[in-house]
Q: 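One structure follows; several queries about it will come next.
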Number of protein chains: 2
Amino acid sequence: MKLNDITIKDIAERANVSKSTVSRVLNDLAIVNPKTRKTVLEAAESLGYQANVFARGLASGRSMTVGVVTQKIGSPFYDMMMQGVIQGFTGTGYSPIFVDGQWEQSTELDVIRTLMGRKVDGLILLGGDISQKDLDQLREQIPTVVVGKDVAGWEGQCVYVDNFSGAYDATQHLIEFGHREIAIVRGIIHHQDAIRRFQGYAQALADASIELDPDLVLDGNFTAQSGIIAVNSLLMRGKSFTAVFCANDMVAYGARLALQRKGIRVPEDVSIVGFDDQAESSYVSPPLTTVRQPGVEMGVVAAEGIVQLMQGGTCEFPVMNAELQRRESVARITSQ
Amino acid sequence: MKLNDITIKDIAERANVSKSTVSRVLNDLAIVNPKTRKTVLEAAESLGYQANVFARGLASGRSMTVGVVTQKIGSPFYDMMMQGVIQGFTGTGYSPIFVDGQWEQSTELDVIRTLMGRKVDGLILLGGDISQKDLDQLREQIPTVVVGKDVAGWEGQCVYVDNFSGAYDATQHLIEFGHREIAIVRGIIHHQDAIRRFQGYAQALADASIELDPDLVLDGNFTAQSGIIAVNSLLMRGKSFTAVFCANDMVAYGARLALQRKGIRVPEDVSIVGFDDQAESSYVSPPLTTVRQPGVEMGVVAAEGIVQLMQGGTCEFPVMNAELQRRESVARITSQ
DNA sequence: CAAGTCGTTGCAACCGGTTTCAGTAAAGAT
DNA sequence: ATCTTTACTGAAACCGGTTGCAACGACTTG
């Protein structure tokens with residue numbers, strides 16, 4: 001099946017040393033005579049040796065893999081983080097193995113169990129909904145970092161963006177442009193990011209002495225479809241509004257479409273702001289003003305951090321910040 | 001590190017049998033007395049036994065993992081296939097391990113080497129640019145299926161869509177709607193899909209007795225940016241056209257934006273058709289008429305196929321077909 | 001010159017399974 | 001009653017590494 005049946009033993013014979021010596025050279029964890037070392041290295045090289053991961057894993061207990069739990073492959077923000085993770089691991093000797101939690105707590109626990117069964121050396125959780133208890137328990141068994149949310153008691157060991165100030169900036173931007181009737185389509189109700197974003201929105205309004213109007217607060221679930229529904233219900237109710245701040249870009253797309261269907265122009269009649277800055281957002285019509293999350297960077301940082309952790313070190317992540325990308329979906333309001 | 005240090009030996013002691021018997025029960029590959037069997041199973045259950053993958057792999061040579069090489073995590077079409085693959089593997093006992101080829105041949109070979117080093121039992125290649133020679137060589141070493149392109153000599157062992165007829169249908173749709181000056185923005189020049197799509201376009205024109213105008217053929221690279229550039233150069237040249245068929249949806253977004261920037265309306269002035277049907281396309285403005293590729297299904301089918309192959313069977317994939325999704329980016333032309 | 005060090009290396013046990021081969025007891029055949 | 005089967009089970013080798021411990025030669029040291 002595999003061409004590569006050269007083992008450490010073959011090298012040993014070729015170099016006239018014992019298996020142990022070869023192993024020591026290959027992992028350089030003991031002093032070996034430089035000359036011997038060279039001979040072994042050459043032998044290994046010329047034979048094209050590649051260690052058998054099973055044997056190594058069995059003997060050492062380490063697998064050189066880390067499990068990465070994502071929530072839904074194909075979801076823009078999580079995909080960015082995955083890219084970052086891959087990037088962050090290249091050259092470290094560790095390989096990520098990705099599994100998908102499908103946004104479901106039970107599935108998530110399942111896949112983590114599978115990962116543990118596969119003896120991963122570390123765990124990166126991208127988002128997810130596991131309970132604090134399970135999380136804490138997990139961390140005791142295996143080096144873990146969480147990306148995309150902050151967990152109580154894990155200060156510095158979570159990579160996340162400041163959703164509050166991102167949302168605050170976005171809302172303030174709308175206010176600066178003269179908007180006062182600003183609707184919001186929230187994300188999944190118990191989702192941490194969604195909550196923080198709502199708080200940022202609320203604070204920005206408060207700071208501008210604009211009363212928060214409950215009728216302008218709609219619930220959604222991060223999908224384009226939910227943006228459509230939210231806008232339609234807003235329209236149906238006959239509520240007046242000049243801008244809508246969306247839970248993420250997909251919701252913004254939906255909102256945009258729903259408005260157009262009613263003959264309402266964006267941004268001339270209603271302005272829209274999204275959150276995420278997914279790849280398409282620069283190219284839709286009009287290009288979407290949105291809050292950029294540094295997804296790729298977060299992935300990179302997480303990968304680097306877990307490597308530290310697995311090597312017995314510690315890691316301390318800074319809070320990443322989300323930056324408003326001003327494009328063309330927001331217009332100035334002159335008079336009402 | 002792990003709570004789970006129960007081994008086959010513990011079960012053996014608990015059930016008063018030998019390791020061998022336990023192994024036989026657990027893999028049921030030999031006749032074991034039903035009573036003994038039951039005892040062992042119960043012991044395993046009550047101890048919460050989970051096999052050590054390293055030991056199993058070392059002894060049996062099988063890892064129960066299959067390597068999946070994608071080209072770029074975050075790319076809509078490939079992501080759909082990944083989702084499908086995950087779906088297709090659930091419940092089979094195999095786990096996919098994803099790596100990213102980054103659209104580069106050398107990287108791709110590298111990651112495949114890594115996968116082989118990790119002793120995957122099978123390989124799924126999503127797209128990719130490896131040479132036919134390398135591919136053939138690979139297939140001799142390990143069960144392999146290729147998704148997203150067809151390889152000479154691998155009939156039935158590749159999962160791919162009929163790009164030709166997808167493109168043909170799209171172009172014909174434009175022709176039916178009265179278009180005769182149909183531009184095309186092609187994908188990466190040597191990319192198989194891009195070539196097939198171009199051929200479909202050309203054939204549809206030919207069948208309608210429309211001469212293919214080389215000035216209406218632009219090159220791109222599947223990115224939105226390339227759509228913008230293509231349309232701009234078309235406009236710059238002052239060439240007249242009423243529709244543009246794009247290599248994929250991202251290109252279509254770019255084209256759409258470039259047109260808008262010049263005050264050209266879609267679809268009133270110029271119609272656009274894309275390819276892929278990525279999630280956003282239903283919600284952009286106007287909702288994009290595009291050719292849907294059944295990415296998820298392809299992934300599922302590929303996963304099921306490789307399982308067959310790994311178990312010593314064979315598999316025979318049908319050609320998937322691409323279906324035109326008529327939405328709102330194409331308008332009828334009445335008079336020129 | 002004997003004893004003690006140090007640097008370097010080999011032996012062998014071990015990691016936790018799978019698998020071959022031989023052995024035992026019960027059932028069937030002669 | 002003896003000889004074959006048949007059904008089932010155990011001992012032990014093996015997979016390919018890692019690692020503790022002993023050993024060995026050369027070099028100091030007393």
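Predicted model, so just to flag it, every value in this text is computed and none were measured. Every chain is numbered from 1, with letters handed out A, B, ... down the list of sequences.
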Q: Regarding D/dG17, can its base be found pairing with the side chain of A/Lys19 as donor and acceptor, where the two atoms are less than 3.5 Å apart?
A: yes
Q: Could you check how far CG of A/Asn52 sits from P of D/dT18, rounded to whole Å?
A: 10 Å
Q: How close or far is atom P of D/dA7 from atom NZ of B/Lys35, stated in whole angstroms?
A: 17 Å
Q: Where each residue is assigned the nucleotide of DNA chain D containing its nearest heavy atom, which of B/Asn16 and B/Ser60 is assigned the position nearer the 5′ end?
A: B/Asn16
Q: Between A/Phe89 and A/Tyr94, what is the ring plane arrangement, given parallel below 30°, perpendicular above 60°, and tilted in between?
A: tilted
Q: Could you check which of D/dG10, D/dG20, C/dT19 has an atom nearest any side-chain atom of A/Arg24?
A: D/dG20
Q: Nearest to the side chain of B/Ile8 - C/dG17, D/dG17, D/dT9?
A: C/dG17
Q: Measuring only between side-chain heavy atoms, which start at C-beta, is A/Arg118 closer than 4.5 Å to A/Arg113?
A: no
Q: Does a donor on one side chain and an acceptor on the other come within less than 3.5 Å for B/Ser131 and B/Asp134?
A: yes
Q: Would you give the length of the straight line joining atom OG1 of A/Thr92 to atom CD of A/Gln308, rounded to the nearest 0.5 angstrom?
A: 11.5 Å
Q: For D/dT9, take OP1 and OP2 only and decide whether either is under 4.0 Å from a side-chain N or O of B/Thr36.
A: yes
Q: Closest nucleotide of DNA chain C for A/Ser20 versus for A/Ile31: which of these residues is on the 5' side?
A: A/Ile31
Q: Counting side-chain heavy atoms from C-beta on, which of C/dG16, D/dA11, C/dG10 comes nearest to A/Thr21?
A: C/dG10
Q: Quick check for you: among D/dT9, C/dT8, D/dG17, whose closest atom lies nearest to any side-chain atom of A/Asn33?
A: C/dT8
Q: Of all the nucleotides listed (D/dT19, C/dG17, C/dC11), which has the minimum atom distance to the side chain of A/Leu29?
A: D/dT19
Q: What is the distance from CG of A/Leu47 to P of D/dG17, rounded to the nearest Å?
A: 12 Å
Q: Contact between A/Val69 and A/Leu115 at the side-chain level, heavy atoms closer than 4.5 Å - yes or no?
A: yes
Q: When you measure from the side-chain N and O atoms of A/Asn27 to the phosphate of D/dT18, is any distance below 4.0 Å, counting only OP1 and OP2?
A: yes
Q: Give A/Val22 one of three labels, base, sugar-phosphate or nothing, depending on what nucleic acid heavy atoms sit under 4.0 Å from its own.
A: nothing
Q: Provide, to the nearest angstrom, the distance between the CZ atom belonging to B/Arg56 and the C1' atom belonging to C/dG17.
A: 8 Å
Q: How close or far is atom P of D/dG17 from atom CD of A/Gln50, stated in whole angstroms?
A: 11 Å
Q: Return no unless some side-chain N or O of B/Ser18 is found under 4.0 Å from OP1 or OP2 of D/dG10.
A: yes
Q: Given atom CG of B/Leu58 and atom C1' of C/dC15, what is their separation to the nearest angstrom?
A: 9 Å
Q: Rounded to the nearest angstrom, tell me the gap between atom CZ in A/Arg62 and atom P in C/dC15.
A: 16 Å
Q: Using the ring of each side chain (for Trp, its six-membered ring), is A/Phe98 parallel, tilted or perpendicular to B/Phe98, with breaks at 30° and 60°?
A: tilted
Q: Whole Å only: how far is the NZ atom of B/Lys119 from the C1' atom of D/dG17?
A: 12 Å
Q: May I ask you to verify if any side-chain N or O of A/Ser23 is less than 4.0 angstrom from the OP1 or OP2 atom of D/dG17?
A: no
